[in-house]
There are 2 protein chains.
Amino acid sequence: MAERLHGQRPTLEDVARRAGVSKSTVSRVINGEPKVRAAVAERIRGAVAELGYVPNQAARKLVTRHNNAVAVVVTEPQNRLFVDPYFDCHLRGIRQELVRHGAQPVLLFIEEQDDYPRVCDFLGGGHVDGALLFSLLADDPLPDMVEQMGLPAVFGGRPLLGSGHRSDVYTYVDADNRGGAREAVRYLVSLGRRRIATITGPLDQAAAIDRLDGYRDVLPATPPRLLAQGDFTVRGGADAMALLLDQAPDLDAVFVASDLMASGALRTLRERGRTVPDDVAVVGFDDLTPIAEVTEPPLTTVHQDIEEMGRLMARMLCHRTSHPPLRGDDAPSLASVVTPTRLVIRDSA
Amino acid sequence: MAERLHGQRPTLEDVARRAGVSKSTVSRVINGEPKVRAAVAERIRGAVAELGYVPNQAARKLVTRHNNAVAVVVTEPQNRLFVDPYFDCHLRGIRQELVRHGAQPVLLFIEEQDDYPRVCDFLGGGHVDGALLFSLLADDPLPDMVEQMGLPAVFGGRPLLGSGHRSDVYTYVDADNRGGAREAVRYLVSLGRRRIATITGPLDQAAAIDRLDGYRDVLPATPPRLLAQGDFTVRGGADAMALLLDQAPDLDAVFVASDLMASGALRTLRERGRTVPDDVAVVGFDDLTPIAEVTEPPLTTVHQDIEEMGRLMARMLCHRTSHPPLRGDDAPSLASVVTPTRLVIRDSA
DNA sequence: TTGAAAGCGCTAACAG
DNA sequence: CTGTTAGCGCTTTCAA
């Protein structure tokens, strides 16, 4: 069916000619404007179908200034990403909300330094109306770049900025990492545990820092031997646990900054012959049910509603993109949101 | 720094005015054309930086007809995708090759029926120069749509088409699933196994069908009780294995159509007290090392170079997009490629 | 209700 | 080496 008219994809003009009307009229029916005679509209729709016409978004965007697509940018080594159910939840919420608003989510990865300029050109190039940015590292250039381009953006997790920046100029959605960590550690204390270690995430990420801060809020004078840094992977958690056991064989509890790492820690504990929770109590963070429920023993962990956070981010972004920027002073940017966490007690502590 | 000139993002015109030259000259330095006096070029670069100018790709695309972005479309429930290291490898290869060609990969998901029209509009809207399409299901409308839009595309895995379609009109890259399966089953036979069962993938996917066909090539007269269908997940493999054990307690080998399923099957076998490979020999498919090497026992499986396949797909697509479509007859479309597989023998068979 | 015309921001000849 | 001039395909006043 799709006749190639001039060897190219059909344009509005082609459809118009075919239907014997003007471009304007075709444009009107394409965009669902009501003031077109039914018969004409029908004829046009026929022509569209016959020619297999699809509007050229680039051209449309040039005039309308938007194109119903939003970027989801993830700064993360891919191999980590695709193995971490955390993103899956986040993305599910985002997708759900975005499509509800008629926006197409497009996923972009940043894996190496070289990716920044290309991704920035893409973001600034008007391919998308806004961006949802994730897992920013310390001194990540993205927040500044996005801000400078004036592209509406919402961050997943508090952006960690270099000195001189205030994170309150950015809109973000984050879980109450610090409060959640505090609750977890307090719970361990309430259990009568005395030597409570912690396995942190990579400390160039806000979530890792905040969770450690929460731990320190409760246990300000922790000796270094009770601290080990992991990398939010199972393996990293296992290694950190081994290190901890070497440094402090007498520890009786450990607060692990993610479920993935906690499952690794559990494995090490088992290998070293420690029983959980009797010898060592373990509390994780995230409450990724596919993990937390199947560990041995099932994991006591800090719950956060990741999917809802994704939905929230998407909703906030859509709010900012659907309205043309207010003139005069800055538009009243939606405030950032910190969502509550809660401790879910299973068997590991 | 980024002064808002007319309250909008700066345009080429703004930069030109600022640098005291014409738009053309600015355009030249933006696009790295050499014939510009160094001093002028420098002045322009200064203006670009001061204004925070980023070219509007929509406008550029309108005239150049391309925009250095290609879509990677995945038709898969997200939760499956994000847990399957298979895609990780594929994507790694694709990304690598695409950025080498200066193209930005953008990932699109199709999860439900409603996603098709939106994704098609995106693909047809000229946001991307081409598309890499994955894990198509039987009767997936995507191949036809993409073909009809004239968007260059390369498929990952042989597309499964409804009747009346010949898959040879599409360019695809696929592993030799049938040959690999044949080799696996022959190996099992050579081991002296007599009752060789198989766990298939979902039979609406080409890879699953082809692997089953390979099994049947060697064992044409398999009784139904030796067949069970899985869904390419760990859980599915475990369930299928349980079913098989019920239906055919005397089986002495099983060819499992994916490593993920094989790891599930191994678990079931262990739970049922069968030793591997003594009681039951197991061969998987994919050779996802993060899985195959850590199963207990390590998995004998059919290896395919997934990352290289990704690279190949990207290379083929870039080849097709960088040249403007030849006039007259169809451009000599690159032939599809079937990459070889090889059996990797570890301990499970 | 429909059409004509003016641009959106950019590149690509073609002059100079 | 640089500026001028046309559009790319679409939406959007403004008239008819």
Side-chain angles (χ1 to χ4, degrees), chain A residues 4-44 47-48 51-68 121 124-127 129 149-150 324, chain B residues 4-44 47-48 51-68 121 124-127 129 149-150 324:
Chain A
R4 290 293 129 66
L5 297 119
H6 20 235
Q8 301 296 320
R9 297 262 302 280
T11 73
L12 205 58
E13 176 112 40
D14 298 322
V15 178
R17 200 157 31 223
R18 175 85 166 214
V21 296
S22 76
K23 291 193 302 175
S24 325
T25 307
V26 178
S27 176
R28 288 186 183 105
V29 346
I30 297 282
N31 295 298
E33 283 178 38
K35 325 287 213 102
V36 177
R37 215 169 352 138
V40 179
E42 212 37 66
R43 187 147 37 93
I44 291 176
V48 166
L51 298 175
Y53 170 78
V54 178
N56 181 329
Q57 298 289 347
R60 172 180 284 178
K61 137 105 207 174
L62 210 46
V63 23
T64 62
R65 318 309 227 117
H66 58 76
N67 50 25
N68 300 322
D121 283 357
H127 288 286
D129 300 332
M149 298 190 299
Chain B
R4 289 291 129 68
L5 297 120
H6 19 233
Q8 300 297 320
R9 296 264 301 281
T11 73
L12 205 58
E13 176 113 40
D14 299 320
V15 178
R17 200 157 31 223
R18 176 85 165 214
V21 295
S22 76
K23 291 194 302 175
S24 324
T25 307
V26 178
S27 175
R28 288 186 183 104
V29 345
I30 298 282
N31 294 298
E33 284 178 37
K35 327 287 214 98
V36 177
R37 219 176 341 145
V40 178
E42 210 38 64
R43 187 148 38 92
I44 292 175
V48 167
L51 266 33
Y53 170 77
V54 178
N56 181 328
Q57 298 289 349
R60 174 180 283 176
K61 137 107 208 173
L62 210 45
V63 24
T64 64
R65 318 311 226 113
H66 57 77
N67 51 24
N68 300 322
D121 282 356
H127 288 287
D129 301 331
M149 298 189 298

For [X] and [N], give me the distance from atom [atom1] to atom [atom2], rounded to whole Å.
{"X": "A:Leu12", "N": "D:dT11", "atom1": "CG", "atom2": "P", "value": "6 Å"}
{"X": "B:Glu13", "N": "C:dG7", "atom1": "CD", "atom2": "P", "value": "13 Å"}
{"X": "B:Arg60", "N": "C:dC10", "atom1": "CZ", "atom2": "C1'", "value": "8 Å"}
{"X": "A:Arg17", "N": "C:dA4", "atom1": "CZ", "atom2": "P", "value": "13 Å"}
{"X": "B:His66", "N": "C:dT11", "atom1": "NE2", "atom2": "C1'", "value": "11 Å"}
{"X": "A:Asn67", "N": "C:dC8", "atom1": "CG", "atom2": "C1'", "value": "14 Å"}
{"X": "B:Asn31", "N": "C:dC10", "atom1": "CG", "atom2": "C1'", "value": "9 Å"}
{"X": "A:Lys35", "N": "D:dT13", "atom1": "NZ", "atom2": "C1'", "value": "15 Å"}

- Check: A:Arg28 side chain, C:dG3 base, donor-acceptor under 3.5 Å: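 Yes.
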- What does B:Ser24 touch in the nucleic acid at a heavy-atom separation under 4.0 angstrom: a base, only the sugar-phosphate, or nothing?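 The answer is base, as B:Ser24 lies within the cut-off (heavy atoms under 4.0 Å) of a base atom.
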- May I ask you to say what A:Lys23 touches in the nucleic acid, namely base, sugar-phosphate or nothing, with a heavy-atom cut-off under 4.0 Å?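 Base: the residue A:Lys23, judged by heavy atoms under 4.0 Å, touches a nucleobase.
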- Nearest of D:dT11, C:dG9, D:dG9 to any side-chain atom of B:Asn56? C:dG9
- Whichever of A:Thr64 and B:Thr25 has the more 5' nearest nucleotide on DNA chain D, that residue is B:Thr25
[X] side chain near [Y] side chain, heavy-atom distance below 4.5 Å:
{"X": "B:Tyr53", "Y": "B:Ile30", "value": "yes"}
{"X": "A:Arg60", "Y": "A:Asn31", "value": "yes"}
{"X": "A:Asn56", "Y": "B:Leu62", "value": "yes"}
{"X": "B:Arg43", "Y": "B:Val21", "value": "yes"}
{"X": "A:Val36", "Y": "A:Thr25", "value": "yes"}

- Message: If you compare every side-chain N and O of A:Ser22 against the phosphate oxygens of C:dG3 (OP1, OP2), does one of them come in below 4.0 Å?
- Response: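 Answer is yes, contact under 4.0 Å.
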- Short side-chain N/O contact from B:Ser27 to OP1 or OP2 of C:dC10, under 4.0 Å: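 B:Ser27 to C:dC10 OP1/OP2: no side-chain N or O under 4.0 Å.
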